Student: 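Here it is, the structure in full.
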Amino acid sequence: MTPSTKPAALPQCRDLSEAQVRGTACVHCGIVLDNATAIDLGERRTGRGGSVTRWFPRACPRHGAAE
């Protein structure tokens with residue numbers, strides 16, 4: 001992603017399952033991912049528990065191709 005590229009919109013962390021937040025499931029559809037099929041969507045930051053938290057969402061090939 002270049003500095004001028006705006007990150008794609010993702011669901012809010014609070015709306016995701018633990019697996020989606022951990023990156024073991026697609027953030028869009030929830031399908032289980034493995035290292036061979038997962039598409040890294042890059043580091044994101046979110047407010048959680050009164051502080052800023054980094055997370056690294058991943059997507060399945062179907063949803064990651066549109067990112």
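Remember, it's a predicted structure, so these values are computed and weren't measured experimentally.
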Student: Look at the side chain of Gln20 and the backbone N and O of Cys26, then say whether any donor-acceptor pair between them is shorter than 3.5 Å.
Tutor: yes

Student: Apply the test side-chain contact (heavy atoms from CB on, under 4.5 Å) to residues Phe56 and Val21: give CA-CA distance (whole Å), side-chain angles for both, the deciding distance (0.1 Å), then the verdict.
Tutor: CA-CA 8 Å; Phe56 300 85; Val21 172; over 6 Å; no

Student: Of the non-hydrogen atoms in Arg58 and Asp40, which two are nearest, and what is the gap between them?
Tutor: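 So the two residues come closest at CG-CA, 4.2 Å.
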
Student: Provide the full list of salt bridge (Lys or Arg N to Asp or Glu O under 4.0 Å) pairs with a residue in residues 20-32, sequence neighbours left out, each pair given once.
Tutor: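 For residues 20-32, and leaving out neighbouring residues, the salt bridge (Lys or Arg N to Asp or Glu O under 4.0 Å) pairs sorted by first residue read Glu18-Arg22.
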
Student: Considering residues at least two apart in sequence or located in another chain, which fulfil the side-chain contact (heavy atoms from CB on, under 4.5 Å) criterion with Asp34?
Tutor: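 Residues passing side-chain contact (heavy atoms from CB on, under 4.5 Å) with Asp34: Ala36, Thr37.
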
Student: For the CG atom of Leu41 and the NE2 atom of His63, what is their distance to the nearest 0.5 Å?
Tutor: 11.0 Å

Student: Just by distance, do the side chain of Arg45 and the backbone of Val52 share a donor-acceptor pair under 3.5 Å?
Tutor: no

Student: Considering all heavy atoms of both residues, which atom of Gly30 and which atom of Ala25 are nearest to each other, and what is their separation?
Tutor: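 For Gly30 and Ala25, the tightest heavy-atom pair comes out as O-CB, 3.5 Å.
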
Student: Give me the atom names and distance for the closest heavy-atom approach of Gly42 to Pro57.
Tutor: O-CD, 3.3 Å

Student: Could you report the tightest heavy-atom contact between His28 and Ala9, atom names first, then the distance?
Tutor: CE1-O, 4.0 Å

Student: To the nearest 0.5 Å, what is the distance between CZ on Arg44 and CG on Leu10?
Tutor: 4.5 Å

Student: Could you tell me whether Ile31 atom CD1 has more than 12 heavy atoms of other residues or ligands within 6.0 Å of it?
Tutor: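 No - once you tally the heavy atoms of other residues, nucleotides and ligands closer than 6.0 Å, there are 12 at most.
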
Student: Looking at Thr46 and Cys13, what are the two nearest heavy atoms and their distance?
Tutor: CG2-SG, 3.8 Å

Student: Sequence neighbours left out, what passes side-chain hydrogen bond (donor to acceptor under 3.5 Å, both in side chains) with Gln12? Give chain and number order.
Tutor: none

Student: Out of curiosity, does Leu33 fall in the hydrophobic cluster containing Ile39 (side-chain heavy atoms, cut-off under 4.5 Å, transitive links)?
Tutor: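 No, Ile39 and Leu33 fall in different hydrophobic clusters.
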
